[in-house]
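Just so it is clear, the structure is predicted and the values come from calculations on it, not from any experiment.
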Amino acid sequence: MFSLLQQTAPAAVDQTIIMVPADQTAEVVVAETETIVVTGTDAAADAAASAVGMPQLDFATFGNQIFWLVVALAAIYLILSRVALPRIGRILGDRQGLMTADLAAAEDFKRKAREAEAAYDRALAEARAEAGKIVAANKAEIDAELKAAIAHADAEIAARTAESERRIGEIRESAATDARNVAREVAAELVSTFGGKPDSGAIDAAVDSRIKGAVQ
Amino acid sequence: MATEESTGLVFHPMDQFIVRPLFGDGPVHWYTPSNVTLWLALAVLAVWLLFVVGTSGRALIPSRIQSMAELTYGMVHKMIEDVSGKEGLRYFPYVFTLFCFILFANMLGLLPKSFTTTSHIAVTGVLALLVFLGVTILGFVRNGAHFLGLFWVSSAPLALRPVLAVIEVISYFVRPVSHSIRLAGNLLAGHAVIKVFAAFAAITVIAPISILAIVGMFAFEIMVAVIQAYVFTILTCVYLKDALHPAH
């Protein structure tokens with residue numbers, strides 16, 4: 001039905017269309033001059049006048065559409081191929097390049113950090129070994145010194161002990177002599193006090209025998 | 001019938017597609033600036049705004065608009081590379097032009113009171129014919145007679161090959177038809193349906209449902225606008241692949 005109206009519409013643009021009751025076959029009367037015979041409502045009239053049915057199939061406008069479409073496509077193509085696409089391509093390329101470079105730099109830094117860590121570890125191990133050596137050397141030295149000192153001290157002690165023993169011996173000797181003398185004198189005095197005649201030989205022998213027993 | 005006086009409903013779902021002169025009321029000649037001209041120009045303007053003005057910063061860290069431009073570029077670039085192969089990238093500007101034009105024409109057509117250029121078979125027909133002719137000529141120029149191998153299914157049994165060749169040839173020549181009608185038909189139907197719902201909004205009782213339906217339809221139409229641009233482009237890539245590598 002639409003298409004029926006379409007066909008007639010272009011011809012009837014400037015004229016009024018009159019139709020018989022809507023659901024009957026439309027009887028369109030187009031007067032050549034300007035008079036139109038109308039029966040029934042003019043309900044469909046403005047539909048027929050305004051809607052051309054499928055404007056897509058109105059071939060009269062094809063030339064216009066195709067011409068302007070070609071112009072528009074050419075414009076878009078020029079805009080894109082001359083300006084936009086090279087620019088966007090360059091931006092994306094630059095970004096990609098920069099990212100690659102940054103990643104490479106990061107990788108480089110990582111490698112350097114690893115190297116630095118290895119060097120640090122090596123230095124640390126060396127320092128430890130060095131320290132160990134120094135400790136061992138010092139220990140040996142100290143041990144030697146200590147031994148020397150101990151030996152020295154032992155010798156000193158031995159010398160002192162010998163000296164002390166000698167003096168103790170001397171003291172003991174003198175003490176024994178003194179005791180004998182005192183005993184002899186006391187014995188001679190005692191003998192004389194009791195009216196006897198002190199016989200030095202007898203007294204000496206008696207004292208000696210006694211002292212021998214006491215001192216020993 | 002298109003109108004029903006008794007309910008006050010007025011349906012003019014197709015009026016939005018009428019081509020009118022932009023100035024005055026005269027006939028539409030091929031050179032007349034018409035509403036087609038206006039909306040094509042707006043599509044060109046939109047492309048220029050997004051891809052030239054939007055990327056004018058050439059920022060390493062893109063702004064939102066530059067990001068959109070780059071993502072569109074990346075998507076179409078990857079599509080051609082995936083579907084047509086590395087050699088297809090030589091034709092990237094042409095395919096990208098098609099995609100951008102269809103996408104923006106579709107989206108602009110969704111603006112109220114606008115004119116949808118891609119709902120016209122004249123427009124989509126030219127687009128499809130450009131692809132068809134371009135791909136066919138390219139196929140023969142690059143492969144010579146080997147391009148005809150596209151129709152000779154060498155993997156099929158020998159007896160079947162002539163039959164298949166006839167089918168292949170028919171399907172090859174139907175390509176531009178389906179290619180163009182798919183795009184125009186989708187947009188035309190969606191826009192007409194929205195208009196019909198809009199007419200129902202005149203009735204108070206139905207108005208809320210009608211308005212909800214329009215909202216739903218509109219969302220659906222946005223999806224259709226993008227998908228149809230995508231479909232048109234990916235089919236172009238497929239045809240391009242056939243031209244570059246015609247062997248079955």
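- Most heavy-atom pairs under 4.5 Å with chain A, from the set B:Ile121, B:Leu98, B:Val123, B:Ile61: that is B:Val123.
- Using a 4.5 Å cut-off between non-hydrogen atoms, the part of residues 65-88 of chain A that approaches chain B consists of A:Gln65, A:Ile66, A:Phe67, A:Trp68, A:Leu69, A:Ala72, A:Leu73, A:Ala75, A:Ile76, A:Tyr77, A:Ile79, A:Leu80, A:Ser81, A:Val83, A:Ala84, A:Leu85, A:Arg87, A:Ile88.
- Heavy-atom neighbours of A:Arg160 CZ from other residues, nucleotides or ligands within 6.0 Å: at or below the threshold of 12.
- Under a 3.5 Å cut-off, the side chain of A:Asn64 and the backbone N or O of B:His29 do form a donor-acceptor pair.
- With chain A as the partner, the residue from B:Val36, B:Thr55, B:Val52 showing the most heavy-atom pairs under 4.5 Å is B:Thr55.
- Atom CG of A:Leu57 and atom NE2 of B:His120 lie 10.0 Å apart (nearest 0.5 Å).
- The local environment of CD in A:Glu173 is sparse, with at most 12 non-hydrogen atoms from other residues, nucleotides or ligands closer than 6.0 Å.
- Shown here are the side-chain hydrogen bond (donor to acceptor under 3.5 Å, both in side chains) partners of A:Asp94, two or more places apart in sequence or in another chain: there are none.
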Considering only distance and modelled atom types, tabulate donor-acceptor pairs under 3.5 Å from the side chains of residues 127-134 of chain A, sequence neighbours left out.
none

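- A salt bridge (charged side-chain N to carboxylate O under 4.0 Å, His left out) check over residues 58-87 of chain B, counting only residues at least two apart or in different chains, returns the pairs A:Arg95-B:Glu70, B:Lys78-B:Asp82, B:Glu81-B:Lys86, B:Glu87-B:Arg142.
- For B:Gln66, the part lying under 4.5 angstrom from a heavy atom of chain A is the side chain only.
- Heavy atoms closer than 4.5 Å to chain A are found nowhere in B:Leu50, neither backbone nor side chain.
- Contacts between B:Phe96 and chain A at a heavy-atom distance below 4.5 Å involve backbone atoms as well as side-chain atoms.
- Comparing B:Val47, B:Val28, B:Thr32 by heavy-atom pairs within less than 4.5 Å of chain A, the highest count is held by B:Thr32.
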